[in-house]
Amino acid sequence: MAARGGCRRLPDAGDQPRRGVKATGGSPRVRFAPSPTGYFHVGGARTALYNWLFARRLGGTFVLRIEDTDRERSDDAWISGILSALEWLGISWDEGPYRQSERLPLYEKAAAELFAAGRLYACDCSRADVEARNPGRTTPGYDGYCRDRALTPGPGRALRFRTPDEGVTLVHDVVRGDVEFPNSTIEDFVVVKSSGDPLFVLAVVVDDISMGITHVIRAEEHLPTTPKAVMLWEALGAGPVPVFAHLPVLVNEKRQKLSKRRDRVSVEDYRAMGILPEAMRNYLALLGWSPADGREVLDLEELVSEFRLEDVNNSPAFFDERRLLHFNGLYIRALDEEEFLRRALPFLEPPSGPWAPGRFDRAQFERLAPLVKERVATLGEVAGMVDFLFADPFVVDDHDRATSIGRDPGARALLEQVAEGFRSCGWDAGSIRAVVTAAAEASGRKLAKAQAPVRVATMGRAVGLPLFESLEVLGRERALGRVLSALGAGAGTPAGTGPGGAAQPAGGAG
RNA sequence: GCCCCCAUCGUCUAGCGGCCGAGGACGUCGCCCUUUCAAGGCGGAAACACGGGUCCGAAUCCCGUUGGGGGUACCA
């Protein structure tokens with residue numbers, strides 16, 4: 001599951017900077033660089049998707065790089081989650097996954113060069129030191145105390161980048177335009193921790209240079225650190241900086257950036273609830289971008305051919321689960337029967353199905369599957385539509401029984417007639433329908449009204465799959481048993497003793 | 001506090017100076033279809049944050065205000 005297609009060669013740090021790739025020729029190289037500090041969330045998925053679409057459309061290369069320079073927070077367990085989520089979404093990588101933790105020598109070398117060139121200086125100030133020196137200062141950040149102390153690098157000493165005091169650093173961004181950062185507002189930032197570990201700013205730039213990255217497409221939250229990256233990029237003499245594209249963040253209903261903490265955003269969770277990867281892809285693609293022609297349902301090929309970085313919009317987007325569900329329903333209904341079965345089965349068979357092992361009968365399910373397909377928004381809902389066939393014991397919703405049978409004065413007589421009909425009618429949807437229709441007429445009500453008590457008695461709920469087709473699959477024995485059981489359970493109002501068999505117990509199970 | 005970004009229906013968005021008395025989609029409301037529920041069809045309500053400019057003309061350009069958001073770490 002590593003790289004597929006494309007070369008795996010790691011361009012070494014000495015490669016020529018790829019000139020001209022910015023706007024004109026050359027094939028672009030992009031990277032998706034998640035940090036394994038938590039489960040993979042939809043924001044990351046959207047970023048990965050955009051990078052991938054961009055690369056695919058232009059025949060470029062998509063590099064996967066794991067940013068695990070923070071040893072404290074990184075955990076290998078999260079990496080496999082990221083990889084499997086990407087695969088699930090159909091986002092394949094051409095190179096990688098590289099791991100920054102395996103590339104430490106490169107960062108050390110770069111830091112040494114920068115130090116030798118006077119761009120870095122050692123610093124032994126603690127955070128508290130800086131704070132104590134400038135109590136209540138208004139401009140935050142490091143105060144430059146060690147700038148001219150000429151400390152030698154060593155244990156306990158961090159390396160800081162000497163930022164210019166004047167001028168501005170310009171960041172060219174495809175979605176934001178040119179953004180100016182006054183250099184005076186950029187502190188002498190740490191590039192190597194006092195532990196000797198590189199900080200992500202350094203690692204990112206060194207890697208982007210050595211991997212020949214031409215376009216950096218990432219979340220907007222990285223925009224403020226971009227001038228630092230630009231400074232480093234230039235200090236390392238690496239040629240033209242990449243083209244940047246900072247995507248609008250994804251927010252929750254309160255308009256805050258999606259957080260793994262407070263919001264349900266794990267890609268894995270959506271997969272588990274039965275969201276189709278193609279629906280997730282389609283929905284995600286539309287969060288912050290829309291095709292020129294306004295179409296909304298686009299398959300992979302269409303996304304690839306329509307996607308343009310320049311068309312990405314720049315305001316935060318709310319991750320609307322309802323809209324996702326809408327797309328998912330669209331995609332589920334578009335599945336052919338065979339495919340629907342293939343996708344739904346994992347949610348029904350033994351480990352997953354909400355019924356005892358062995359209860360599930362695939363053949364029975366297949367008969368109703370076409371009707372199910374039209375009625376679910378997620379694969380996770382499928383089981384609930386057919387549990388009247390497999391759940392043991394069969395349960396009837398209390399509320400629905402009370403309204404459709406208990407409080408319906410005519411229900412008892414109707415059910416009795418239906419039971420009578422069920423004993424001898426042909427057992428197919430048409431015949432079953434005829435029985436219920438006859439009972440409906442006898443009780444002077446419309447079929448729609450008449451089917452309610454029957455539905456609750458046999459399927460356990462007032463809403464669900466079409467009744468007659470469902471009963472056909474349920475079988476005469478179980479259907480009749482359940483109707484009788486409903487009568488026996490004191491359906492109707494008084495004790496209108498039903499003729500024959502009203503005493504049959506728990507007819508449901510069958 | 002400081003730096004940066006953003007601002008069209010509840011939501012995702014189209015719009016890049018006249019075609020906009022603002023279009024589509026989700027959601028919502030009504031009707032139709034109908035064995036329940038969905039799906040589908042039809043119809044409705046629903047937005048250019050505010051104030052100044054520029055211009056013959058502004059949702060579209062500029063400035064300001066307000067309001068959101070992000071960053072401010074020896075996290076990424």
Side-chain angles (χ1 to χ4, degrees), chain A residues 33-37 67-70 72-74 100 123 125-127 136-142 157-160 171 173 175-176 179-182 184-187 189-201 203-204 218-227 246 248-249 251 253-257 283 286-297 313-327 329-330 333 371-377 385 404 429 432-433 436-437 440 446-452 454-456 459 461-469:
Chain A
S35 59
T37 55
E67 311 223 314
D68 56 353
T69 52
D70 184 351
E72 307 283 296
R73 302 199 308 153
S74 296
Q100 293 191 320
C123 168
C125 299
S126 70
R127 201 173 167 151
R137 77 211 131 100
T138 51
T139 43
Y142 185 62
R157 288 178 179 174
L159 257 32
R160 290 182 181 274
V171 172
D173 189 291
V175 340
R176 322 251 151 212
V179 184
E180 276 186 7
F181 294 85
S184 61
T185 64
I186 301 172
E187 65 175 325
F189 55 94
V190 174
V191 142
V192 177
K193 300 185 202 179
S194 53
S195 65
D197 291 324
L199 229 42
F200 93 106
V201 255
V204 164
R218 66 215 316 188
E220 185 189 1
E221 62 209 74
H222 294 281
L223 186 52
T225 72
T226 306
H246 286 95
V249 293
V251 299
E253 61 288 333
K254 284 154 69 184
R255 299 256 118 205
Q256 296 166 311
K257 183 175 77 164
Y283 175 65
L286 260 24
L287 270 187
W289 169 81
S290 62
D293 62 10
R295 267 181 305 162
E296 301 206 312
V297 179
N313 60 265
N314 50 15
S315 43
F318 169 53
F319 186 85
D320 189 348
E321 223 169 74
R322 287 185 307 185
R323 197 163 150 83
L324 202 213
L325 255 24
H326 165 73
F327 277 98
L330 245 37
R333 272 173 260 130
L371 298 176
V372 175
K373 197 181 79 172
E374 301 300 314
R375 289 171 170 74
V376 294
M385 306 236 65
S404 296
I432 295 166
R433 178 187 177 121
V436 178
T437 302
K446 293 196 169 181
L447 183 55
K449 275 287 183 188
Q451 58 96 47
V454 183
R455 173 183 294 281
V456 173
M459 298 177 71
R461 280 185 290 266
V463 299
L465 259 23
L467 181 62
F468 314 126
E469 293 78 354

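Values reported hereafter were calculated over all heavy atoms of this structure, with side chains retained and with hydrogens, waters and symmetry mates removed.
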Counting only Watson-Crick or G-U wobble pairs whose two distances fall under 3.5 Å, which nucleotide matches [N]?
N      : result
B:rG1  : B:rU72
B:rC19 : none
B:rA25 : B:rU11
B:rA45 : none
B:rG64 : B:rC50

Please give, in whole Å, the distance from [N] [atom2] to [X] [atom1]?
X      : N      : atom1 : atom2 : value
A:E321 : B:rC12 : CD    : P     : 15 Å
A:H246 : B:rC3  : NE2   : P     : 20 Å
A:R333 : B:rC37 : CZ    : C1'   : 13 Å
A:L325 : B:rA38 : CG    : P     : 14 Å
A:R218 : B:rC5  : CZ    : P     : 16 Å
A:R461 : B:rA38 : CZ    : C1'   : 14 Å
A:I186 : B:rC4  : CD1   : C1'   : 10 Å
A:L223 : B:rA76 : CG    : P     : 18 Å

Is there, by distance only and without an angle test, a donor paired with an acceptor across the side chain of [X] and the base of [N] below 3.5 Å?
X      : N      : answer
A:R322 : B:rC26 : no
A:R375 : B:rC37 : yes
A:Q256 : B:rG68 : no
A:S194 : B:rC74 : yes
A:R323 : B:rA25 : yes

Base, sugar-phosphate or nothing for [X]? Non-hydrogen atoms, less than 4.0 Å.
X      : answer
A:A448 : sugar-phosphate
A:G288 : sugar-phosphate
A:E67  : sugar-phosphate
A:G464 : base
A:L286 : sugar-phosphate
A:P316 : sugar-phosphate
A:E72  : nothing
A:T437 : nothing
A:R255 : sugar-phosphate
A:F200 : base
A:F468 : base

TODO: Answer yes when A:R433 and A:E469 have at least one side-chain N-carboxylate O distance shorter than 4.0 Å, and no when they do not.
DONE: no

Task: salt_bridge(A:E221, A:K257) N-O dist < 4.0 Å - done: yes

Open item on the list: Closest-nucleotide mapping onto RNA chain B: is A:L324 or A:R455 further toward the 5' terminus? I mean the 5' end.
Closed with: A:L324

TODO: Between A:H326 and A:K257, name the one whose nearest nucleotide on RNA chain B is closer to the 5' end.
DONE: A:H326

Task: Side-chain donor-acceptor pair present, A:T226, A:R218, cut-off under 3.5 Å - done: yes

Quick one: is [N] close enough that its OP1 or OP2 comes under 4.0 Å of any side-chain N or O from [X]?
X      : N      : value
A:N313 : B:rC16 : no
A:N314 : B:rC5  : no
A:R433 : B:rU35 : yes
A:S290 : B:rA14 : yes

Task: Neighbour count above 12 (heavy atom, 6.0 Å) for A:K193 NZ - done: yes

- [ ] Check whether any side-chain heavy atom of A:E296 lies under 4.5 Å from a side-chain heavy atom of A:R323, and answer yes or no.
- [x] yes

Open item on the list: Looking only at the side chain of A:A317 (C-beta and beyond, no hydrogens), which of the listed nucleotides B:rC74, B:rU13, B:rU35 gets closest?
Closed with: B:rU13

- [ ] Look at the side chain of A:S315 and decide which nucleotide, out of B:rC6, B:rU35, B:rG69, has an atom nearest to it.
- [x] B:rC6

Task: Interatomic spacing from CD in A:E253 to CZ in A:F319 - rounded to 0.5 Å - done: 12.0 Å

Open item on the list: With a 3.5 Å distance limit and no angle check, can you tell me whether A:R375 reaches the backbone of A:L371 through a side-chain donor-acceptor pair?
Closed with: yes

Task: Any donor-acceptor pair under 3.5 Å from A:S74 side chain to A:D70 backbone - done: yes

